[in-house]
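In this chain, residues are counted from 1 in sequence order. Keep in mind that this is a model prediction, so the values were computed, not measured.
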Amino acid sequence: MSDQEWIKELMHDTEDTVISEKQQKILAAAIDTFSEKGYAASSTSEIAKKAGVAEGTIFRHYKTKKELLLAIVTPTMAKFAAPFFIKTFAKEVFEKEYEHYEDFLRMVAKNRLEFVKKHFSVLKIFIQEIAFHDELREPYQKLFTEHVYGKFKKIIEHFQEKGEIIDLPPETIIRMSASGIIGYILPRFLLFPNQEWDDDKEIEHIVEFVMYGLSGKR
């Protein structure tokens, strides 16, 4: 899927969002440029050239380069990630019943991996810039707190009651579980994207590793 096709999908049926063909081209060119070179090293002139528009056209739509950045990532969080977390993620992952915590962990890992595969170019920008822009970090924190954390905590407490995982604070277990998955995804897509990866095998290794620490069995 091209960046422009992704943008059309992102904006489809989104309330209060009207975006022209020219804006789609600008956003697609910005995604490609920011993802390749980083926000700081990118210029509006090269984005305009890649989009096939005059540089002044960009500033008619976006007053600053930062506004252009936020136009890319903010919709991702507010219009895509929110429905994803609330609907898709909740429905496909958190609203199911699991016999064991490792089954839940495996589902989360597979779900996140497919998500990153589909939307890596814009997520790469988000990863690169989140530390430098509060406008990017705060919506993500709010989404996670409001729509993911409570469901995650409830599942952890369920398996703690069953005696499957050790009695650590749920926040700690969430971090341990997430770090195992993120620790695979970041090298997989950022550091060694051209390496041959067996995703199914690696996910099983993640599950085994995390469960070894959480089971309390030695």
Provide the full list of side chain to side chain donor-acceptor pair (under 3.5 Å) pairs with a residue in residues 183-197, sequence neighbours left out, each pair given once.
-> Tyr184-Asp199, Arg188-Asp199
Rounded distance (nearest 0.5 Å) linking atom OG1 of Thr33 with atom CD1 of Ile47 | 5.0 Å
Partner residues of Ser43 under the side-chain hydrogen bond (donor to acceptor under 3.5 Å, both in side chains) criterion, sequence neighbours left out | Ser45, Glu46
Residues 152-164 vs side chain to side chain donor-acceptor pair (under 3.5 Å), sequence neighbours excluded, gives His100-Glu164
By side-chain contact (heavy atoms from CB on, under 4.5 Å) - contacts of Phe59 (at least two apart) | Thr44, Glu55
Partners of Thr172 by side-chain hydrogen bond (donor to acceptor under 3.5 Å, both in side chains), sequence neighbours excluded?
-> Arg175
Report the distance from atom CD1 of Ile185 to atom CD of Glu202, rounding to the nearest 0.5 Å.
-> 12.0 Å
Output all residues satisfying side-chain contact (heavy atoms from CB on, under 4.5 Å) with Pro193, sequence neighbours left out; order by chain, then residue number.
-> none
What's the spacing between Ile166 CD1 and Phe159 CZ if we round to 0.5 Å?
-> 15.5 Å
Between Ser179 and Met176, is there a donor-acceptor pair closer than 3.5 Å when you use the side chain of the first and the backbone of the second?
-> yes
Could you walk me through whether Leu113 and Ile181 pass the side chain to side chain contact (heavy atoms under 4.5 Å, CB included) test, one step at a time?
-> CA-CA 9 Å; Leu113 186 65; Ile181 296 169; over 6 Å; no
Output all residues satisfying side-chain hydrogen bond (donor to acceptor under 3.5 Å, both in side chains) with Glu204, sequence neighbours left out; order by chain, then residue number.
-> Arg106
Got a second to check how far Ile206's CD1 is from Lys110's NZ, nearest 0.5 Å?
-> 11.5 Å
Is atom NZ of Lys49 surrounded by more than 12 heavy atoms (other residues, nucleotides or ligands) closer than 6.0 Å?
-> no
Take Tyr98 and Val93 through the side chain to side chain contact (heavy atoms under 4.5 Å, CB included) test and state the conclusion after the steps.
-> CA-CA 10 Å; Tyr98 299 93; Val93 177; 3.9 Å; yes
When you look at CD of Glu146, are more than 12 heavy atoms from neighbouring residues, nucleotides or ligands closer to it than 6.0 Å?
-> yes
With sequence neighbours left out, the residues meeting side-chain contact (heavy atoms from CB on, under 4.5 Å) with Ile182 are Ala178, Leu186
So OG1 of Thr64 and CD1 of Ile58: to nearest 0.5 Å the spacing works out to 11.5 Å
Mind checking ring-ring contact (aromatic ring centres under 6.0 Å, His included) for Phe152 and listing every partner two or more places apart, or none if nothing turns up?
-> Phe94, Phe104
First locate atom CD1 of Ile156, then atom OH of Tyr101, and finally report the distance between them rounded to the nearest 0.5 Å.
-> 4.5 Å
Heavy atoms only: give me the nearest Ala40-Lys65 pair and the separation to one decimal.
-> O-NZ, 3.7 Å
Residue list, side-chain hydrogen bond (donor to acceptor under 3.5 Å, both in side chains) with Tyr149, at least two apart or on another chain = Glu171
Please check if the side chain of Lys22 supplies one atom and the backbone of Thr57 the other of a donor-acceptor pair under 3.5 Å.
-> no
How would you list, by chain and number, every residue that makes a side-chain contact (heavy atoms from CB on, under 4.5 Å) with Lys63, sequence neighbours excluded?
-> Glu67
